[in-house]
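The next block holds one structure in the form of structure tokens; read it before the comments.
In this chain, residues are counted from 1 in sequence order. Since we're looking at a predicted model, the values are computed, not measured. Excluded from the calculations below are hydrogen atoms, water molecules and symmetry mates; all remaining heavy atoms, backbone and side chain alike, are included.
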Amino acid sequence: MKKCKTVVITGGAGFLGSHLCDRFILEGYRVIAVDNLITGNMKNIAHLKDEKRFDFLKHDISKPITIPGKVDYVLHFASPASPVDYLMFPIETLKVGSLGTHNGLGLAKAKKARFFLASTSEVYGDPQVHPQKETYWGHVNPNGPRSVYDEAKRFAEAITLAYNRYHKVDVRIIRIFNTYGPRMRIKDGRVVPNFIDQALHGKPLTVYGNGQQTRSFCYYSDLVEGIYRLLLSDYAGPMNIGNPGEFTILEFAQLVIKLSGTKSRIAYSPLPVDDPKQRRPDITLAKKHLQWQPKVGLKQGIKETLAWFQDRL
Ligand code: UDP
């Protein structure tokens with residue numbers, strides 16, 4: 001194979017991981033996707049199966065990994081990422097954030113590769129500072145039901161920076177805010193696929209609590225661009241990447257109803273434990289260091305996502 005750079009993507013068959021596989025193939029890299037398929041799906045990467053520069057390895061990154069040959073970048077994206085998923089796989093979520101990050105870092109160290117950690121806005125917990133800047137330490141319940149994800153990702157940041165300080169591994173850390181788009185699992189339980197699924201089936205949209213909690217939704221293509229730029233930049237992070245447009249969940253439900261043309265109504269149900277009341281990224285750092293900001297507004301992104309799900313009904 002001619003000299004192209006090799007990138008290992010854990011969680012490569014997942015929603016974001018598979019879009020990253022596409023991007024790196026497009027940019028001329030050799031891509032090795034690693035996934036244990038507990039929430040990932042081979043369908044997301046089926047179109048890459050005849051691609052010479054693409055390989056898939058079914059492996060749980062929470063267990064040690066050996067990859068022959070040179071590796072230039074290790075991108076650690078494996079993890080359940082929906083609150084419903086990580087409550088269904090609590091131990092796996094803790095393990096992939098801790099042991100999985102350790103194994104990914106070990107691979108990067110052995111290969112002298114750059115390690116890229118997919119961290120999350122969940123490290124800010126239920127934030128008392130708004131919008132959230134990278135300097136904010138967060139407000140996380142260390143033992144509530146969401147802690148399996150939040151604390152695993154906080155540990156992941158700590159061990160990534162420890163490998164950087166003590167083993168001189170070159171690292172980048174992104175904090176990803178709510179992201180949506182094609183290839184999300186319709187039943188993954190997150191608000192975007194839930195509302196779309198409900199709207200397309202004429203069922204009530206399940207708003208949790210009074211719907212006044214806020215989220216900021218980033219379209220996947222903007223996120224992938226931010227990831228690509230951060231990986232190749234000189235800035236180690238942590239860096240927020242997300243869309244600063246902030247909406248209440250009720251406003252979001254109304255938008256999905258309007259754009260889908262459904263006759264669905266809204267049905268209220270209880271707010272999950274420790275559900276963050278507000279979330280919006282401060283993206284000053286990304287603008288400054290990556291010249292990055294999102295391009296796709298919520299309306300356009302939801303229209304495209306609705307169309308994608310509609311085609312697969
Ligand atoms: N949510 C909702 N109805 C749903 C699913 C989620 O009202 O059917 C709310 C949830 O309580 C949270 C927000 O939507 O306030 C975003 O939830 P999601 O599961 O997408 O991810 P989170 O941002 O909480 O990690």
Side-chain angles (χ1 to χ4, degrees), residues 1-14 16-25 27-38 40 45 48 51-81 91-120 151-176 224 227-239:
M1 184 156 324
K2 91 173 190 318
K3 271 194 216 145
C4 52
K5 295 210 168 183
T6 299
V7 52
V8 171
I9 304 178
T10 77
L16 289 178
S18 65
H19 285 298
L20 287 170
C21 290
D22 287 345
R23 176 65 185 261
F24 283 92
I25 289 293
E27 299 284 351
Y29 290 71
R30 176 173 177 239
V31 174
I32 304 173
V34 178
D35 206 304
N36 66 354
L37 301 175
I38 66 167
I45 48 173
L48 294 173
E51 169 59 60
K52 283 194 176 51
R53 284 179 288 110
F54 182 77
D55 282 301
F56 175 73
L57 196 60
K58 184 167 186 291
H59 177 81
D60 180 354
I61 193 63
S62 300
K63 303 200 173 88
I65 189 166
T66 3
I67 289 188
K70 92 180 168 69
V71 172
D72 299 280
Y73 301 107
V74 177
L75 275 56
H76 185 36
F77 276 74
S79 179
I91 311 296
E92 291 86 345
T93 303
L94 279 159
K95 283 170 80 173
V96 76
S98 54
L99 306 177
T101 306
H102 187 208
N103 290 329
L105 282 161
L107 177 66
K109 179 168 170 263
K111 302 287 183 181
K112 297 189 172 26
R114 182 172 290 176
F115 181 79
F116 187 103
L117 174 67
S119 184
T120 166
E151 294 295 7
K153 289 290 189 181
R154 288 169 69 96
F155 174 88
E157 290 198 10
I159 193 171
T160 298
L161 286 168
Y163 262 66
N164 173 254
R165 287 183 192 120
Y166 301 109
H167 290 315
K168 306 294 169 219
V169 172
D170 189 19
V171 304
R172 301 288 181 272
I173 300 176
I174 184 178
R175 289 186 181 148
I176 300 172
V224 166
I227 291 167
Y228 191 73
R229 288 188 192 200
L230 178 59
L231 178 71
L232 300 181
S233 80
D234 292 330
Y235 193 84
M239 184 186 283

> Which distance, rounded to the nearest 0.5 Å, do you find between the CD1 of I65 and the CG of L57?
Replying inline: 5.0 Å

>> Test salt bridge (charged side-chain N to carboxylate O under 4.0 Å, His left out) on D60 and K95; report intermediate values, then the result.
In response: CA-CA 10 Å; D60 180 354; K95 283 170 80 173; 5.8 Å; no

> Looking at C21 and G12, what are the two nearest heavy atoms and their distance?
Replying inline: SG-O, 3.6 Å

> Just one of L105, N103, L99 clears the side chain to side chain contact (heavy atoms under 4.5 Å, CB included) bar with T101, so which one?
Replying inline: L105

> Do L20 and F77 touch side chain to side chain, with heavy atoms closer than 4.5 Å?
Replying inline: yes

>> Does H102, at its NE2 atom, have more than 12 non-hydrogen atoms belonging to other residues, nucleotides or ligands within less than 6.0 Å?
In response: no

>> Any heavy-atom pair between the side chains of F115 and L75 that's under 4.5 Å?
In response: no

>> Assess the residue pair N36 and I61 against the criterion (side chain to side chain contact (heavy atoms under 4.5 Å, CB included)); give the C-alpha distance rounded to whole Å, side-chain angles, the decisive distance to 0.1 Å, and a yes or no.
In response: CA-CA 8 Å; N36 66 354; I61 193 63; over 6 Å; no

> Can you name the nearest heavy-atom pair linking T93 to S79, along with the distance?
Replying inline: CG2-OG, 4.2 Å

>> Let's go through L16 and I176 carefully: what are the C-alpha distance in whole Å and the side-chain angles of both, what is the deciding distance for side chain to side chain contact (heavy atoms under 4.5 Å, CB included) to 0.1 Å, and is it a yes or a no?
In response: CA-CA 11 Å; L16 289 178; I176 300 172; 4.1 Å; yes

>> Before you tell me yes or no, could you show the steps for V8 and Y73 under side chain to side chain contact (heavy atoms under 4.5 Å, CB included), namely the whole-Å CA-CA distance, both residues' side-chain angles and the distance that decides it to 0.1 Å?
In response: CA-CA 6 Å; V8 171; Y73 301 107; over 6 Å; no

> Where the side chain of S233 meets the backbone of Y235, is there a donor-acceptor pair that is under 3.5 Å apart?
Replying inline: yes

>> Parallel, tilted or perpendicular, judged at 30° and 60°: which one describes the rings of Y228 and Y29?
In response: perpendicular

>> As an exercise, state the distance from CG of D55 to OG1 of T6, rounded to the nearest 0.5 Å.
In response: 9.5 Å

> At their closest point, which heavy atom of V96 faces which heavy atom of P80, and how far apart are they?
Replying inline: CG1-CD, 4.1 Å

> So which heavy atom on V169 is nearest to which on A108, and how close?
Replying inline: CG1-CB, 4.2 Å

> If you look only at pairs with a residue in residues 151-160, which of them pass as a side chain to side chain donor-acceptor pair (under 3.5 Å), with sequence neighbours excluded?
Replying inline: S119-E157, E157-R175

>> With heavy-atom distances below 4.5 Å as the criterion, would you say the side chains of F56 and D35 are in contact?
In response: yes

> Taking S18 for the side chain and A13 for the main chain, is one N or O donor matched with an acceptor at less than 3.5 Å?
Replying inline: no

>> Can you give me the closest heavy-atom contact between G28 and C4, atom names plus distance?
In response: O-CB, 3.2 Å

> Within a strict 4.5 Å, meaning less than it, do heavy atoms of the K58 and V34 side chains meet?
Replying inline: no

> Which pairs count as salt bridge (Lys or Arg N to Asp or Glu O under 4.0 Å) when at least one residue sits in residues 67-77, sequence neighbours excluded?
Replying inline: K70-D72

>> Is any side-chain heavy atom of I25 closer than 4.5 Å to one of V31?
In response: yes

> Are V171 and L161 close enough that some pair of their side-chain heavy atoms sits under 4.5 Å apart?
Replying inline: yes

> What is the minimum heavy-atom distance between R165 and K168, and which atoms define it?
Replying inline: O-NZ, 2.9 Å

> Is the shortest heavy-atom distance from the side chain of I32 to the side chain of I67 under 4.5 Å?
Replying inline: yes

> Should S62 and E92 count as side-chain neighbours, where that means a heavy-atom distance under 4.5 Å?
Replying inline: no

>> Please report the interatomic distance CD(E27) to CG(L232), rounded to the nearest 0.5 Å.
In response: 8.0 Å

> For the atom pair OG1 (T10) and NE2 (H76), what is the distance rounded to the nearest 0.5 Å?
Replying inline: 4.5 Å

>> Listing request: all salt bridge (Lys or Arg N to Asp or Glu O under 4.0 Å) pairs with a residue in residues 102-119, at least two apart in sequence or in separate chains.
In response: R114-D170

>> Nearest 0.5 Å, please: how far is CD1 in I45 from CD1 in I9?
In response: 10.0 Å

